[in-house]
Amino acid sequence: LKRLPPPGRIAYVDGLYVRHGEAGVHVEDRGLQFGDSVYEVCRVEGGCLCDLDEHLGRLERSLGEVAIPMPMSRSVLTVVMNEVVRRNRVCNGLIYLQVTRGAMRRDFQIPGRPRRPTLILTAHELDQAAIARRHAEGVKVVTLSDERWARCDIKTTQLLAGSIAKTKVREQGAFEAWLVDRDGFVTEGASSNAWIVDASGRIVTRHLNHAILPGVTRRVVLEAAAALNMATVERKFTPGEAVAASEAFMTSSTGPVIPVVDIDGKSVGNGRPGRITGLIAEKYSELSRNRLK
Ligand code: PDD
């Protein structure tokens, strides 16, 4: 029997499934020239989409805030997303979805009449061994000043500030950058939400406003805490408070719940992943497993 060649990666761009290496957009796409686009990253578990309704709800909100039309209905988008996962044979990984305002002559002013948005989808496996290692050992974070724009609640692709921050801290052996606002409070991670457990065992994460992304994982973690009868507080905290906390962790769709054991070179708690973090991670998995699409 002849062995079949390994399947190539497939991207979806504007209605077509194309070979990943050959996929592209117009040179005057506003996503490319102005970062005029929004995106979502959704975890794939056992070939199914995690927390899909929450991701599509946030996509609609982001698009609404910058007046880009939804490229297709939620139900058709769900079909296309599942097809991209299937064609890439992704079992445990992620799907990336981006909607740009589309291609038009370069002009700062956004045209009054909406054009056809560009829809891009890609998917790939995630390194499960690396994820398991992060869960078992925890990760280090380093704090840096938050130099992003003032509407971090919209999931746009203007990611340069976060990308530079992450690169800087990776050079110092840390996994994530925790960004600090002008008043000295942690906003969130470069690509995750930030959490601590305070002296009385309450789980603390920053309240929602324009300063942070309303994380889908954040929302499910708050539900997980409620299901476990654990108290939560949505408020700001400083890096100093985080270092002195009994536990810390970070959340994102790809994480999803990662213990933080070191902040700016100082151990958090006993320097090992915390007990409450572990319970939250377990409950989170249980809740999200029940909502696969
Ligand atoms: N990032 N905050 C920021 C700035 C993020 O970029 C992300 C996610 C989160 C967590 O959101 P969620 O739980 O919905 O994934 C918070 C994705 C994973 C990324 O850009 O790759």
For residues 212-223, please give each side-chain donor-acceptor pair under 3.5 Å, one per line with the distance, not counting sequence neighbours.
from   : atom 1 : to     : atom 2 : distance (Å)
Thr217 : OG1    : Ser252 : O      : 3.4
Thr217 : OG1    : Ser253 : N      : 3.2
Arg218 : NH2    : Arg206 : O      : 2.9
Arg218 : NH2    : Glu234 : OE1    : 2.7
Glu223 : OE1    : Arg291 : NH2    : 3.1

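Between the side chain of Asn88 and the main chain of Ile10, a donor-acceptor pair closer than 3.5 Å is present.
Taking the ring centroids of Tyr96 and Tyr39, they lie under the 6.0 Å cut-off.
Note that CZ of Arg58 and CG of Leu63 are 12.0 Å apart. Values are rounded to the nearest 0.5 Å. Expressed to the nearest 0.5 Å, how far OH of Tyr12 lies from CD1 of Ile120 amounts to 11.0 Å. Rounded to the nearest 0.5 angstrom, Thr254 OG1 and Asp127 CG are separated by 12.5 Å. In this structure, CG on Leu126 lies 4.5 Å from CG on Leu94, to the nearest 0.5 angstrom.
Checked by atom type, the side-chain pair Thr187/Asp146 shows a donor-acceptor distance below 3.5 Å. In the model, Thr118 has a side-chain atom that pairs as donor or acceptor with a side-chain atom of Thr100 under 3.5 Å.
The stretch residues 44-53 participates, sequence neighbours left out, in these salt bridge (Lys or Arg N to Asp or Glu O under 4.0 Å) pairs: Arg43-Glu45, Asp53-Lys293.
Under the 4.0 Å criterion applied to side-chain N and carboxylate O atoms, Arg87 and Glu83 are assigned as salt-bridge partners. Between Glu171 and Lys166, no side-chain nitrogen of the basic residue sits less than 4.0 Å from a carboxylate oxygen of the acidic one, so the salt-bridge criterion is not met.
Environment of NZ in Lys140: sparse, with no more than 12 heavy atoms of neighbouring residues, nucleotides or ligands closer than 6.0 Å.
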Go through Arg235 and Val204 one step at a time and tell me if the side-chain contact (heavy atoms from CB on, under 4.5 Å) criterion holds. CA-CA 7 Å; Arg235 65 159 173 88; Val204 182; 3.7 Å; yes

